[in-house]
Amino acid sequence: MERIGFIINIKENEQLHVLNHSCAHLLAQAVKHLYPNAKFWVGPVINEGFYYDIDLDGEEIKEEDLPKIEKEMKKIAKDGKRIVRHEISKEEALEMFKDDPYKIDLINNMDEADTVISCYTQGDFTDLCRGPHVESVKLLKNFKLLKVSGAYWKGDANNKMLQRIYGVCFNTPEELEEHLHLLEEAKKRDHKKLGRELELFMMSEYGPGFPFFLPNGMIIRNELENFWYQEHTKEGYQFIKTPIMMSKELWELSGHWANYSENMYTSEIDDRTFCIKPMNCPGGMLVYKNGLHSYKDLPLRIGELGQVHRHEASGALNGLFRVRTFTQDDAHIFMREDQIEEEVIRLIKFIDRIYAIFGLKYTIELSTRPEKKFIGDIAIWDKSEKALEHACHAAGKDCKINPGDGAFYGPKLDFHLIDSLGREWQCGTIQLDMNLPERFDLTYIDSDGTKKRPIMLHRVIYGSIERFIGILIEHFAGAFPLWLAPKQVIIIPVHHENHLAYANKVKEALEAYNVRVSVDDRNEKLGYRIREAQIHKIPVEVVVGDTDQNEQIVTVRRFGKKDEIKMSLNDFVESIVEEIKQKRLAE
């Protein structure tokens, strides 16, 4: 699939990171000029640019106010003041910002090692900041304020609501213009918008964060699940289904109750507390413990499309990307220590094959042992990390080291998908777990007759079915490849009375091979029906008229293409069936 552009990850680009952080200060200075009572929390760089959280003491900034703020920012930039760094003590900082409760909070919560605090001054504005910054505000010319929204102080719904202004800054006007163009393209691809237009899914106020899949969306979902089962069967997986609700004692045993209970839904049954599962893992542990296992049984690959529920904050909910219930394509692999590398190599190649079907490139990140909160011996951690890294290289893949970001129970490989706009999505993961096998006392009988503890891998490929569908909607801009499209072929007779019979013949020929096909025989003009097919992004459009009927051929046009192809009915049916079978991407 051809990439139409590339949305830069500004946070990961060192030069743009500094530029955008400096522009956040420019924004704050302009806001202070226009709203003298404004106070500021934090203004970090994010993947998409920057933002600043602001307390306006009762005033409100609306979208229509952003041009006014931009004008003030340009005025300040044109003035060209230098940006000067100062280092001060904690006592001096507390005195300097004594009238700003947000800065006082930041200062008081700084690490004890920060004996020297830095701030930056540009003209009449000084802000607490580690930096670095550009040398002068005159370098901050090519910016755009994107939107304004609400944000709770420190992300806590119990705190005051602040106003968050988003923006982005580039070195040249051309780079800014290109970036804004791609952002507009991203808006067109918004999965919430396309989900409504293509009738894929809906949300309801009766279930915030609980998506409803409509018939078209269910077709996509079922295709993805069927594909998942087919490919995992080839890889030697067995499948299970574990209960959606289990007792609190299980979650205490797994450690989830101590670390995750605030995000779990509970219910009282027969005077006992039961929890709706937020993860599938504990159920998988019980399945493993249900029988005796020999070293000859390993590796044991157990897969489950398991529905989980998590109590996400209402403000964080976002279409299919952040929901309160979703289906993880979980699998737990139990193996001997000597099988780790071989199994991870096999798994990486498997994941690579799955993502290639969707035209999704990816990068791999190896997250290593946290500095403080971790379990297990350091020697085992070191061995596990080396095994994951070596397996990556042996599979022909590079991996970026993400030090200290592993889970407390083991290191992991994260797969970051790159879509057609160059955006990254963290989906797949391979996690090596040294915790649950110990907690659940999992064992197998080794060749010498002794009990041994299995090594365990957690892994997902889609991540969650719901979120993966959202990513695919935006990746393909709603124009799905033929095998995945809810409506694969539409047949449009030129005249109802003359060509409907032949249109139905074409339909029956395709239906014999389970192709999702329909005939648009509405009493509407031909041009209108063709446009409707385009609006609904149906991959294959067949118009039948006199010539087609007389010669038993079809006139075929692909979505997004202007040219038409004439071919025999038999050749057409064979080509469609083969394309679906091979799950080919649109050219």
Side-chain angles (χ1 to χ4, degrees), residues 10-11 15-46 48-88 92-107 117-151 153 160 162-171 173 176:
I10 289 168
K11 189 175 182 179
Q15 199 272 335
L16 287 178
H17 189 290
V18 173
L19 192 70
N20 277 264
H21 189 53
S22 303
C23 201
H25 280 229
L26 180 66
L27 163 65
Q29 184 178 8
V31 169
K32 191 68 174 177
H33 285 182
L34 297 170
Y35 305 87
N37 292 327
K39 291 182 174 63
F40 305 94
W41 171 227
V42 290
V45 176
I46 56 176
E48 299 81 16
F50 64 86
Y51 69 76
Y52 222 119
D53 284 347
I54 307 166
D55 182 350
L56 289 169
D57 193 27
E59 292 190 77
E60 183 182 0
I61 292 176
K62 299 179 180 178
E63 298 284 340
E64 52 264 34
D65 296 319
L66 296 183
K68 176 178 67 175
I69 299 173
E70 286 180 340
K71 184 177 179 181
E72 184 64 22
M73 290 171 70
K74 289 175 182 177
K75 179 181 175 183
I76 297 169
K78 188 176 181 180
D79 191 37
K81 289 290 191 296
R82 289 183 60 80
I83 302 175
V84 182
R85 175 185 170 92
H86 305 279
E87 291 187 351
I88 55 178
E92 289 172 321
L94 288 170
E95 175 62 26
M96 180 180 292
F97 295 99
K98 63 183 179 181
D99 296 325
D100 191 329
Y102 300 106
K103 300 302 179 186
I104 294 295
D105 181 82
L106 283 172
I107 295 165
I117 297 172
S118 60
C119 58
Y120 284 80
T121 298
Q122 52 198 57
D124 59 2
F125 182 75
T126 298
D127 203 358
L128 189 72
C129 186
R130 286 191 175 94
H133 286 267
V134 297
E135 292 183 357
S136 169
V137 293
K138 69 181 178 182
L139 299 173
L140 308 172
K141 297 177 181 178
N142 306 297
F143 59 82
K144 179 69 177 176
L145 298 184
L146 302 173
K147 62 179 179 178
V148 59
S149 67
W153 181 40
K160 186 175 184 178
L162 306 180
Q163 293 196 66
R164 178 173 292 179
I165 301 178
Y166 291 86
V168 68
C169 186
F170 280 88
N171 291 301
L176 176 62

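Counting from 1, the numbers follow the sequence of the chain as shown.
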With a 4.5 Å limit on heavy-atom distance, are the side chains of [X] and [Y] in contact?
X: Met73; Y: Val137; result: no
X: Tyr102; Y: Asp53; result: no
X: Tyr51; Y: Pro44; result: yes
X: His33; Y: Asp124; result: yes

Closest contact, heavy atoms only, [X] versus [Y]:
X: Lys138; Y: Lys141; result: O-CE, 3.0 Å
X: Leu16; Y: Cys169; result: CD2-O, 4.1 Å
X: Phe125; Y: Ala28; result: CZ-CB, 3.5 Å

Exam field: side chain [X] to backbone [Y], donor-acceptor pair closer than 3.5 Å:
X: Arg85; Y: Arg130; answer: yes
X: Ser118; Y: His86; answer: no
X: Asn142; Y: Asn171; answer: yes

How long is the straight-line distance from [atom2] of [Y] back to [atom1] of [X], given to the nearest 0.5 Å?
X: Asn20; Y: Leu140; atom1: CG; atom2: CG; value: 9.0 Å
X: Leu27; Y: Glu72; atom1: CG; atom2: CD; value: 11.5 Å
X: Leu26; Y: Lys81; atom1: CG; atom2: NZ; value: 12.5 Å
X: Cys129; Y: Leu106; atom1: SG; atom2: CG; value: 10.5 Å
X: Cys119; Y: Ile88; atom1: SG; atom2: CD1; value: 4.0 Å
X: Ile54; Y: Tyr35; atom1: CD1; atom2: OH; value: 9.0 Å

Might you confirm whether atom [atom1] of [X] has over 12 heavy atoms from other residues, nucleotides or ligands at distances under 6.0 Å?
X: Glu92; atom1: CD; result: yes
X: Lys75; atom1: NZ; result: no
X: Lys160; atom1: NZ; result: yes
X: Lys32; atom1: NZ; result: yes

| request: Evaluate the criterion side-chain contact (heavy atoms from CB on, under 4.5 Å) for residue pair Ile165 and Tyr52; output intermediate values, then yes/no. | output: CA-CA 6 Å; Ile165 301 178; Tyr52 222 119; 5.6 Å; no
| What do the steps show when you test Glu48 against Tyr166 for side-chain contact (heavy atoms from CB on, under 4.5 Å), and what is the final call? | CA-CA 9 Å; Glu48 299 81 16; Tyr166 291 86; over 6 Å; no
| In this structure, which one of Gln122, His133, Glu135, His17 forms a side-chain hydrogen bond (donor to acceptor under 3.5 Å, both in side chains) with Ser22? | His133
| With sequence neighbours excluded, what pairs up with Glu70 under the salt bridge (charged side-chain N to carboxylate O under 4.0 Å, His left out) test? | Lys144
| field | Phe143 vs Leu176, side-chain contact (heavy atoms from CB on, under 4.5 Å): CA-CA, chis, key distance, verdict | value | CA-CA 7 Å; Phe143 59 82; Leu176 176 62; 5.6 Å; no
| query | Are Lys103 and Asp127 ion-paired here, with the side-chain N under 4.0 Å from a carboxylate O? | reply | yes
| message | Is there a side-chain contact (heavy atoms from CB on, under 4.5 Å) between Trp41 and Asp105? Walk through the geometry before answering. | response | CA-CA 9 Å; Trp41 171 227; Asp105 181 82; 3.6 Å; yes
Side chains of residues 56-63: which donor-acceptor pairs under 3.5 Å do they make with residues two or more places apart or in other chains?
from	atom 1	to	atom 2	distance (Å)
Glu63	OE2	Val148	N	3.1

| Ile10 pairs by side chain to side chain contact (heavy atoms under 4.5 Å, CB included) with which of Ile46, Leu19, Val168? | Val168
| request: Kindly assign one of parallel, tilted or perpendicular to the pair His21 and His25, based on the angle between their ring planes and the thresholds 30° and 60°. | output: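 Perpendicular, since the angle between the ring planes exceeds 60°.
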